[in-house]
2 protein chains.
Amino acid sequence: MSPRKAESDLPAQAFRQHDHGECARSLMSAAHDLCTERGLRLTPVREKVLELLLKSHAPLGAYAILSELADSGFRAQPPVAYRALDFLVENGFVHRIEKINAFVACNQPRDGHSPVFMICSDCQQVAETSAKTQSPTLDRTARKIGFDIQHTVVEAQGLCAQCRERGPQ
Amino acid sequence: MSPRKAESDLPAQAFRQHDHGECARSLMSAAHDLCTERGLRLTPVREKVLELLLKSHAPLGAYAILSELADSGFRAQPPVAYRALDFLVENGFVHRIEKINAFVACNQPRDGHSPVFMICSDCQQVAETSAKTQSPTLDRTARKIGFDIQHTVVEAQGLCAQCRERGPQ
DNA sequence: GATCAAATGTTATGATATAACATATTAATA
DNA sequence: TATTAATATGTTATATCATAACATTTGATC
Ligand SMILES: [Zn+2]
Ligand SMILES: [Zn+2]
Ligand SMILES: [Zn+2]
Ligand SMILES: [Zn+2]
């Protein structure tokens with residue numbers, strides 16, 4: 001069992017103190033492994049986008065990513081960023097947060113899961129508090145009306161503990 | 001007790017057979033009542049936007065609404081639609097569906113509630129299957145990490161019963 | 001090394017949303 | 001009923017987010 005297991009099972013890592021450098025390195029290395037396993041190509045631009053998202057303490061919009069790509073010498077037309085993001089999202093390395101039109105690196109890319117996000121309105125950080133399984137409420141309601149769920153969006157906006165303690169700015 | 005009570009408690013009304021004209025009229029009348037009670041002004045453009053959403057069997061984007069407003073002789077600059085929508089959303093008459101950047105009339109505007117949407121990828125209809133209360137899973141997770149939820153987005157995309165039965169197009 | 005599929009480069013445009021400031025309407029009050 | 005303040009609307013311009021379309025390059029396979 002990996003020594004990071006216990007930590008990576010904690011929810012809301014983004015709102016906790018942790019060695020983020022180590023966290024990012026570990027997820028990047030996991031991404032390489034997963035791509036090898038699955039015959040996916042983590043090309044330079046895709047890797048760079050994932051790296052940017054892993055480094056970021058807050059979610060990034062596509063154009064923020066694009067501009068950081070440009071700073072790193074990549075081409076800077078919108079499709080460059082969107083294509084890389086499409087790849088990363090489709091393959092579970094990154095999630096899109098609908099409420100804020102932004103992207104965030106997944107913190108447990110191995111598990112097929114339905115992520116749940118807590119978005120702090122104050123500090124803009126986002127915690128992925130994913131459960132392995134879909135919301136039971138959602139499942140139950142879907143069954144009741146014969147709806148076949150393919151994808152879920154579950155996002156809560158509010159104040160994280162830190163920002164609440166700091167009080168209104 | 002209103003004779004519509006039983007029906008309006010059914011989830012997923014949009015996916016069921018119902019007298020939509022009566023449904024729309026009843027919700028519009030409820031909106032007028034609520035605005036009177038609360039000292040809100042349901043101005044012509046706000047009423048028209050709500051009417052358009054109530055009539056529609058599918059959610060409408062802001063620019064679709066804008067174009068229907070124009071057809072009805074209203075001014076047609078984007079802020080006209082967005083302002084009316086802001087009012088209707090803030091006061092609980094309309095919900096915004098993040099996943100598809102569109103708006104839909106609430107089917108139980110009296111209850112303060114956290115809506116849950118089931119979005120059919122095929123027919124584009126959306127059912128509001130709202131519960132009175134927030135998802136217990138979300139609440140529990142939030143409590144665990146000290147996050148104070150102000151607003152939730154819960155949306156599922158998939159196939160409604162009808163479209164599933166009809167089979168792939 | 002020919003062929004095909006996947007990925008990238010590039011231009012242009014589409015779709016969604018808001019800032020900013022002027023004007024008009026309504027409500028409250030002097 | 002004038003004065004004022006608050007709310008709502010009119011209007012121009014622009015910001016932000018996202019994709020269509022087509023050319024070119026790269027990588028994998030035969
Ligand atoms: Zn995830
Ligand atoms: Zn915060
Ligand atoms: Zn509702
Ligand atoms: Zn359907």
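If you're wondering where the values come from, they're calculated on a predicted model, not measured in any experiment. All values below come from the heavy atoms of this structure, side chains included, with hydrogens, waters and symmetry mates left out. Throughout, a chain's letter reflects where its sequence line sits, starting with A, and its residues are numbered from 1.
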Spacing between [X] atom [atom1] and [N] atom [atom2], to the nearest angstrom:
| X | N | atom1 | atom2 | result |
| --- | --- | --- | --- | --- |
| F87(B) | dT9(D) | CZ | P | 9 Å |
| L42(B) | dT9(D) | CG | P | 10 Å |
| L60(A) | dA18(D) | CG | P | 13 Å |
| L40(B) | dA27(C) | CG | C1' | 15 Å |
| R75(A) | dT25(D) | CZ | C1' | 14 Å |
| I100(A) | dT16(D) | CD1 | P | 15 Å |
| I65(A) | dT16(D) | CD1 | C1' | 14 Å |
| L85(A) | dA7(C) | CG | C1' | 15 Å |

First of Q77(A) and A102(B) reached from the 5' end of DNA chain C, by closest nucleotide: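 With Q77(A) and A102(B) compared, the 5'-side residue is Q77(A).
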For [N], take OP1 and OP2 only and decide whether either is under 4.0 Å from a side-chain N or O of [X].
| X | N | value |
| --- | --- | --- |
| Y82(B) | dT18(C) | no |
| R41(A) | dG27(D) | no |
| R96(A) | dA18(D) | yes |

Check ring-ring contact (aromatic ring centres under 6.0 Å, His included) between F103(B) and all other residues, then give those that pass, not counting sequence neighbours.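 Checked F103(B) against ring-ring contact (aromatic ring centres under 6.0 Å, His included); zero matches.
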Whether E98(A) and K99(B) form a salt bridge (side-chain N of Lys/Arg under 4.0 Å from carboxylate O of Asp/Glu) is what I want to check.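 E98(A) and K99(B): salt-bridged.
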In plain terms, say whether K55(B) and E68(B) are close enough for a salt bridge, that is, a side-chain N and a carboxylate O under 4.0 Å apart.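 Here K55(B) does not pair with E68(B) in a salt bridge, since their nearest N and O are not under 4.0 Å apart.
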Check this for me: does the side-chain of Y63(A) come within 3.5 Å of the base of dA15(D) through a donor and an acceptor?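 Absent.
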Could you say whether R83(A) or P44(B) is positioned toward the 5' end of DNA chain D, judged by the nucleotide with the nearest heavy atom to each?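 On the 5' side of the pair lies P44(B).
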Are L42(A) and I65(A) joined in one hydrophobic group, where the rule is that I, L, V, M, F, W and Y side chains link up if heavy atoms are under 4.5 Å apart?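 Yes, one cluster joins them.
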Cluster link L54(A) to L85(A), ILVMFWY, side chain under 4.5 Å: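 Both belong to a single hydrophobic cluster.
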Please determine, for the side chain of V45(A), which listed nucleotide (dA17(C), dA19(C), dT8(C)) has the closest atom?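 Nearest to the side chain of V45(A) among the choices is dT8(C).
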